[in-house]
Amino acid sequence: MAKDGDNGWKEYVWNPRTREFLGRTASSWGLILLFYLVFYIFLAGMFCLTMYVMLQTLDDHKPKWQDRLSTPGMVIRPKADEYYEITYNTQKTESWDMYAQTLDKFLSPYNNTAQVEKNNVCKPDEYFKQEDSGEVKNNPKRSCQFNRTILDECSGITDRYYGYQEGKPCIIIKLNRVIGMLPGKDGQAPFVTCGAKKEDNEKIGELQYFPPNGTFNLMYYPYYGKKAQVNYSQPLVAVKFLNITTNEDVNIECRINANNIPTGSERDKWAGRVSFKLRINTI
Amino acid sequence: MGDKDKSPKKKKGGKDMDELKKEVPITEHKMSIEEVCRKFQTDCVQGLTNAKAAEYLIRDGPNALTPPPTTPEWVKFCRQLFGGFSVLLWTGAVLCFLAYAIQAATEDDPAGDNLYLGIVLTAVVVITGCFSYFQEAKSSKIMESFKNMVPQQALVIREGEKVQINAEEVVGGDLVEVKGGDRIPADIRVVSAHGCKVDNSSLTGESEPQSRSPDNTHDNPLETRNVAFFSTNCVEGTARGIVICTGDHTVMGRIATLTSGLETGKTPIAKEIEHFIHIITGVAVFLGVTFFILAIVLGYSWLEAVIFLIGIIVANVPEGLLATVTVCLTLTAKRMAKKNCLVKNLEAVETLGSTSTICSDKTGTLTQNRMTVAHMWFDNQIHEADTTEDQSGASFDKSSVTWLSLARVAGLCNRAQFKAGQDALPILKRDVAGDASESALLKCIELCCGSVRANRDRNKKVAEIPFNSTNKYQLSIHETEDTNDNRYLLVMKGAPERILDCCSTIMVQGKEQPMDEELKESFQNAYMELGGLGERVLGFCHTMLAEDQYPKGFAFDTDDVNFQTDQLCFIGLMSMIDPPRAAVPDAVGKCRSAGIKVIMVTGDHPITAKAIAKGVGIISEGNETVEDIAARLNIPVSQVNPRDAKACVIHGTDLKDLSQDQMDDILRNHTEIVFARTSPQQKLIIVEGCQRLGAIVAVTGDGVNDSPALKKADIGVAMGISGSDVSKQAADMILLDDNFASIVTGVEEGRLIFDNLKKSIAYTLTSNIPEITPFLLFICANIPLPLGTITILCIDLGTDMVPAISLAYETAESDIMKRQPRNPFRDKLVNERLISIAYGQIGMIQAVAGFFAYFVILAENGFLPSRLVGIRLNWDDRSVNDLEDSYGQQWTYEQRKIVEFTCHTAFFVSIVVVQWADVIICKTRRNSVFQQGMRNKILIFGLFEETALAAFLSYCPGMDVALRMYPLKPSWWFCAFPYSFLIFVYDEVRKLLLRRNPGGWVERETYY
């Protein structure tokens, strides 16, 4: 039986009598493969056609739907690890050096020279609107300068270690870019506030925001997309922890305060707020 | 593991079986009564002593058949729980739990996805398992209604006293008494009998009751007169006998044991489903392992690779399919039950459709199991009587005086009478007390000439000699109805040659004529002709006794015959047969045009069998047996080339001497076969022979003698009314109306469900491709996952279910009864063409449709296709909350995940949309939908149901949390429409080409 099956198997793979490979002759294989080739080429063509039609309906500068981005996300720098923990030891340079380096790298596009070279000085405290006039696109659109010096003590210019060495670290916060978003109503600029979570209230100590009050100036809005507004500089807010309790975990949450940004869902921990853990060891 | 354990077991089983297959070892019939008494230490007058009886009861056990072993319920349940795809799904579930355990051990805040999925998978397996189990349990419950709840009683004589005891307590050596209407409680050796007749039809298939007497008349215990068998019926008379075998040792018990010991193979549909599961499992394992390895090679972590593996398994297994198949089969079973085919075993629903040979028992299946007058010979002419069940047949001239005389004799010289209280019933349906041929005469006369009882009242019986085997006639003497005529009327009936001997004259056209040679020859011819039709012929004669010799009040002495019994006037012949059922010839014809070979297997005599076979078309007109050819050409049988004869009638004794090769030769070379005088064991051999030649065999039968064959057959069909319990136990299907024609319905339904299951599977399998490809692209192209595992389950167990089931309601595309039965080796339920269409073509279009919807949603949200490739690593990274899209906007993890889940929903909806087209194209395999029409209401309901379900899953509040499905923008529903349309057009064109070029390339490659 087994022998029989063995032979049958061999014969199935290659039958010398009928010259069949896997149950088909060469011409049969040829035909079926040709058919599938034509079929799949046609199918690919159909797919490309529908994709092409769909892409034609898209706007180059603004996605069709933005309803998922009604509450923009918030992100901190330096981004430590997956769990948003910033832990270092003031005594050990290698434990905080990387944070400083990350920030250096992150802030380099904001160097005043670069900003001056590429971007305009805008009128603060009002939206910098550059609308298209009908069919005529007003492109490329200009962007406003966000100079590194605005961050002052957290700019890394005066203190190239961003306060990490002395246990007064800077955290830089940015609001995710959303095309056309106009945060803050009635000329009220959105601003960032940070606080400790519940039991850590005592430990957080004094905070200092740069620019003052932690505002994102209105002139940086709206954003017109990377195609139209190539050199857009995302506004930043820096928070400096002046006397945070050391050698203990401190859970901190920062949120955006703007009267026209919805709070966002409970599920999304990074929309309109950002939380992280800070632990500075001194021993 | 099985091999070593199995072989000795099988051997043992085989040995037992062989022993059972041998003929019955009863010898008591050859012993004298005294010897039998001695053997059992009993007395043929006093019976056993109570003490002995008790001792024997303990030694031999109760006189009852051991019920066939049943599989415990929990084993059945486990089989459902771990059979089929369940193993794969269990693997998936275990992997899920494993993945979750690893996550729980390594992460602080593990995502619950894998745990949920594991629970869902487990639930799916358990629920579908329970579902199948209950479906099966439901159909097996049918049997319970047939269990005979009334305990049998038996009258035994112990210590000289008659006692009524439960039949179970009867022991060997008991002296038992049976009377007409009783069921014989055990195998008994008759000690004394008075006109006792037993109906052995359930044991031997002989339709005529047989007389029982203390004399040994045959060496074969089954043929001898002095043994009556357990569970046969005593029709009339009384008898006393000594019990020689009880319980499982009785002839009936041996057959029952043989039956329950037979191993039956899997049903054809079970084999097909197994084959199909192998294919799908093979594909799943192959893809799963390949991509597991690929994932590892591509640098994914073990955990991720395991999760991919789970996804591929879930996508590959059509979770809902087995439940769909079960539902489809159940629906068909219900439909068949309405048409009087009760299916015991769900899978047997389809078996009739695959059947290529039907071995049918004669008595009670093809025939009415009721002796009926078929022909008469009087006035030197054969007249045909109406034998149909509803009296729609031809009639004959009833005005002849000869006929009136014949009717009078037949009515008067007849001890049968209708049982009381049946006046409302049609004559043919009434129960009759009396012997079968007398009942036949009674009914015939009652039908033609009005009340027989009134006639008997007018012609009072004064004397009677009942039939006995030495005289071979029966006579009675009556007063005449004419009160002025004081003569007595003597009427007589019996074996024709015997009656003829008593006659000197013959009545022709109402006038007595002397019997001359010419008339005698004419009588002989008629007798031969009727006998040749397999009918039982009786002769009738009468005379008016001379008044001077036998004046009124003459004391007729029937023991010492003191009156004239010769010089009578011959009137005519009447012949009886158990006629075929009206619907049978048509049904046989239908079977034949459906390519099914119908073989008659009967315990009855060859002549009768052949006559019935010709009557119902099993031997069709113009086909001859070897003997017929020999008779026609007037040459000896040995000179006829057996190949010239398409038909043949084989006697059981010849069958015994045939080798296996000869047997195969007969079965292969004759299209029309009748086996006569076969024993239960031989029936089994015939079935095995057919199966050896690759046929799928259906056996119909009602008797206990049929049950081994019923069990061995691929599908055993028992009779619901006349069938014995043992046969019903052994069968897979029960014909509630005992009508062979119902089998045709069964064949039709079986074939239809096979076709429709193909369609259903083609439909269900198609959506596998759009389920698998997202995973493959996810792994290979590093795009965000287009379709999640939960959504896959929503398709397989949600939206696909009703449309798949609705295909079971599809009507046949062409006359399925005009084509050959499927070849179990070639025509598979799932073949490579079906896979090619479902996976390679339609499935691919569906996948493309799904991907299109996926790309549309992502693009409209800002992620153009060019941005997507390779984005996966960042996309799935929880810590990246500023992922940039094509427009420069930034997305948090949760935000883009919502878009991803919206894509899953859209992919899911797109599959629903393309499945609309798929279910419509799956309605037909060859015809255009425009030919087939859209009359399947369930299917239309299914279309709406799946759409509504999809909308519900997408829009119902809370679904975002429960199943992570999100509301779609209305425009996204339309993404798949062009593809849905493409599927429809593509398949219509394919079918058009297929119809245009029969046997062409399109048919060879795509006709599933």
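So you know, we letter chains A, B, ... as the sequences are listed, proteins then strands, and number each from 1. The figures here come from the full heavy-atom set of this structure, side chains too, leaving out hydrogens, waters and symmetry mates.
For chain B, the option among A:Ile32, A:Asp59, A:Thr50, A:Leu175 with the highest count of heavy-atom pairs below 4.5 Å is A:Thr50. Between chain B and the options A:Asp60, A:Asp268, A:Asp67, heavy-atom pairs under 4.5 Å are most frequent for A:Asp268. If you tally non-hydrogen atom pairs under 4.5 Å between each of A:Leu31, A:Leu58, A:Leu55, A:Leu69 and chain B, the highest count goes to A:Leu69. Contact count against chain A (heavy-atom pairs under 4.5 Å) is highest for B:Arg964 among B:Arg896, B:Lys897, B:Arg964, B:Arg1004.
Between the side chain of A:Gln145 and the backbone N or O of A:Asn119 there is at least one donor-acceptor pair closer than 3.5 Å. Distance alone, capped at 3.5 Å, places no donor-acceptor pair between the A:Lys62 side chain and the A:Gly180 backbone. Looking only at distances, no side-chain donor or acceptor of B:Thr905 sits under 3.5 Å from a matching main-chain atom of B:Ser954. A donor-acceptor pair under 3.5 Å is absent between the side-chain atoms of A:Gln66 and the main chain of A:Val178, judged by distance alone.
Proximity to chain B is limited to the side chain of A:Met54, based on heavy atoms less than 4.5 angstrom apart. Within the 4.5 angstrom heavy-atom criterion, atoms from both the backbone and the side chain of B:Gln841 approach chain A. For a residue to count as touching a neighbouring chain, one of its non-hydrogen atoms must lie under 4.5 Å from one of that chain's; by this rule A:Val75 touches chain B with the side chain only. Contacts of A:Phe276 with chain B are absent, with no heavy-atom separation under 4.5 Å from either backbone or side chain. Neither the backbone nor the side chain of B:Phe863 has a heavy atom closer than 4.5 Å to any heavy atom of chain A. If you measure heavy-atom distances from A:Tyr36 to chain B, the contacts under 4.5 Å come from the side chain alone. The parts of B:Val848 that come within reach of chain A are both its backbone and its side chain, each placing non-hydrogen atoms under 4.5 angstrom from that chain. With a 4.5 Å cut-off on non-hydrogen atoms, A:Lys174 touches chain B through its side chain but not through its backbone. In this structure, chain A has a heavy atom under 4.5 Å from the side chain of B:Lys969, while its backbone stays farther away. With a 4.5 angstrom heavy-atom cutoff, A:Met181 does not touch chain B via any of its atoms. Contacts of A:Gln229 with chain B are absent, with no heavy-atom separation under 4.5 Å from either backbone or side chain. Proximity to chain A involves both the backbone and the side chain of B:Ser836, based on heavy atoms less than 4.5 angstrom apart.
Taking the six-membered ring where the residue is Trp, A:Phe106 and A:Tyr110 present tilted rings, their angle falling between 30° and 60°. The aromatic rings of B:Phe907 and B:Phe851 stand perpendicular to each other, their planes meeting at an angle above 60°, with 30° marking the opposite boundary. Between B:Phe901 and B:Tyr966, the ring planes lie parallel to each other; the angle is under 30°, not in the 30° to 60° tilted range. Between B:Tyr955 and B:Trp973, the ring planes are parallel. Angles under 30° get that label, and only those over 60° would be called perpendicular. Taking the six-membered ring where the residue is Trp, A:Tyr232 and A:Tyr223 present tilted rings, their angle falling between 30° and 60°.
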